[in-house]
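All remarks here apply to the structure that follows.
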Amino acid sequence: MQKLDKLYEGKAKKLYATDDPDVLWVEYMNQATAGNGAKKAQIEGKGSLNNRITSVLFDLLAARGVDSHFVRRVSDTEQLVRAMDMYPLEIILRNTAAGSFAKRYGVEEGTELKQPILEFCYKSDDLGDPFINDDGIVALGLASKEELDEISRQARAVNDALRDIFSKIDVQLVDFKIEEGKTSDGTILLADEITPDTCRLWDLRDGSGQIEHLDKDLFRRDLGNIIPAYEEILDRLEALADAEGVARRVTLA
Ligand code: ADP
Ligand code: UDP
């Protein structure tokens with residue numbers, strides 16, 4: 001597989017074409033951003049950690065019957081994925097009130113929700129990713145009703161599987177964002193990344209009674225260095241994958 005022209009450079013990743021039109025080469029960068037790019041920093045080691053975390057998570061999800069765009073990891077900072085036509089949606093699942101949800105409804109951060117909440121934002125940096133509901137998505141033609149039903153079903157299945165995974169490593173899965181896309185043959189699949197950049201993860205091994213963030217809130221809220229936290233998440237996930245004998249998709253050059 002050859003890495004060809006760069007197709008896109010986002011805030012956290014670069015996408016390259018390959019000699020297979022159905023496969024993209026993704027490079028995870030060290031850049032961290034928050035507030036739609038208002039806050040920005042280069043954090044040595046972040047690209048490698050996120051590439052490895054999302055890879056092991058896609059393997060753990062596959063072992064639980066949840067498919068994704070992930071093909072295989074090819075280096076510390078790079079992986080191959082199936083090329084998708086992306087829905088311009090940030091698909092958010094919440095199990096515990098935090099962040100913008102806690103603020104919007106005046107609920108204390110950490111309040112358990114009686115059921116998971118599926119939310120959508122219209123992915124647009126210019127508009128600041130505004131909230132959108134199901135009718136809005138269909139009315140604007142961002143996805144058809146049938147596609148949205150499938151996206152929603154998959155998002156809830158991802159939440160169920162991720163909750164199982166994180167509970168096994170003593171981490172509370174507070175909320176997360178995923179993206180979905182469609183392959184050239186019309187298959188709707190989980191895409192993009194699942195990392196501490198896109199999830200709120202609270203440590204349940206910490207006995208202090210304080211919230212111990214193992215995610216990008218450390219950076220967003222100036223609470224500390226993200227690297228030891230991301231390393232902790234990777235170590236626990238790798239140990240779980242080993243213990244479960246999960247098949248790992250990796251071919252290093
Ligand atoms: P952003 O675009 O928000 O700055 P990134 O730097 O993470 O974010 O860029 C990655 C881009 O790649 C995102 O726009 C995402 O929608 C897109 N993407 C993720 N997975 C795939 C895929 N399998 N095929 C095509 N595009 C993808
Ligand atoms: N999230 C993300 N990218 C975004 C917005 C949110 O990955 O552009 C994730 C975020 O890490 C959190 C969840 O989605 O796990 C819910 O975020 P929220 O809506 O509370 O927004 P925030 O408080 O981060 O602005």
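No hydrogens, no waters, no symmetry mates; every other heavy atom, side chains included, goes into these values. These numbers come from a predicted model, not from an experiment. As the structure lists them, so they are numbered: ligands from 1, and atoms in each ligand from 1.
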Among E9, K13, K40, K46, which one satisfies side chain to side chain contact (heavy atoms under 4.5 Å, CB included) with Q31?
-> K40
Any [X] heavy atom less than 4.0 Å to ligand 2:
{"X": "R220", "answer": "yes"}
{"X": "R200", "answer": "yes"}
{"X": "D197", "answer": "yes"}
{"X": "R94", "answer": "yes"}

Quick check on contacts: which atoms of ligand 2 are under 4.0 angstrom from a heavy atom of [X]?
{"X": "G99", "answer": "20 (O), 23 (O)"}
{"X": "F176", "answer": "14 (O), 15 (O)"}
{"X": "D129", "answer": "8 (O)"}

With no hydrogens and no angle check, is any side-chain donor or acceptor of D19 less than 3.5 Å from a backbone partner on Q2?
-> yes
Mark yes or no for whether H69, through its side chain, and A83, through its backbone, hold a donor-acceptor pair below 3.5 Å.
-> no
Quick one: do [X] and [Y] make a salt bridge, cutoff under 4.0 Å?
{"X": "D222", "Y": "K39", "value": "yes"}
{"X": "E78", "Y": "K3", "value": "yes"}
{"X": "R236", "Y": "D170", "value": "no"}
{"X": "K123", "Y": "E179", "value": "yes"}
{"X": "E244", "Y": "R64", "value": "yes"}
{"X": "K103", "Y": "E109", "value": "no"}
{"X": "K182", "Y": "D85", "value": "no"}
{"X": "E231", "Y": "R52", "value": "no"}

Can you report which non-hydrogen protein atom sits closest to [atom], along with the distance?
{"atom": "atom 15 (O) of ligand 2", "answer": "D175 OD1, 2.6 Å"}
{"atom": "atom 12 (O) of ligand 1", "answer": "L15 CD1, 3.4 Å"}
{"atom": "atom 1 (N) of ligand 2", "answer": "K177 CB, 3.6 Å"}
{"atom": "atom 6 (O) of ligand 1", "answer": "A12 N, 2.7 Å"}

Among [options], which residue places a heavy atom closest to [atom]?
{"atom": "atom 19 (O) of ligand 2", "options": "S100, P196, A102", "answer": "S100"}
{"atom": "atom 20 (N) of ligand 1", "options": "L80, D192, T183", "answer": "D192"}
{"atom": "atom 2 (O) of ligand 1", "options": "Y28, Y87, Y8", "answer": "Y8"}
{"atom": "atom 10 (C) of ligand 1", "options": "M84, K13, H69", "answer": "K13"}

For [X], the ligand 1 atoms whose distance to one of its heavy atoms is below 4.0 Å:
{"X": "K123", "value": "1 (P), 2 (O), 3 (O), 14 (O), 16 (O)"}
{"X": "E179", "value": "15 (C), 16 (O)"}
{"X": "V81", "value": "23 (N)"}
{"X": "L24", "value": "24 (N), 25 (C)"}

Is the shortest N/O to N/O distance between M86 and ligand 1 below 3.5 Å?
-> no
Side chain or backbone of C199 under 4.0 Å from ligand 2, or both, or neither, by non-hydrogen atoms?
-> backbone
Heavy-atom distances under 4.0 Å are what count here, so tell me which part of E90 touches ligand 2: side chain, backbone, both or neither.
-> side chain
May I ask you to identify, for D125, whether its side chain, its backbone, both or neither come under 4.0 Å of ligand 1 on a heavy-atom basis?
-> neither
Under 4.0 Å, heavy atoms only, figure out whether ligand 1 is touched by the backbone of K11, its side chain, both or neither.
-> both
Counting heavy atoms not belonging to Q42, are there more than 12 under 6.0 Å from its CD?
-> yes
Just by distance, with hydrogens left out, do R94 and S100 show a side-chain donor and acceptor under 3.5 Å apart?
-> yes
Interatomic distance, CD@E108 vs OG1@T96, rounded to 0.5 Å, equals 12.0 Å
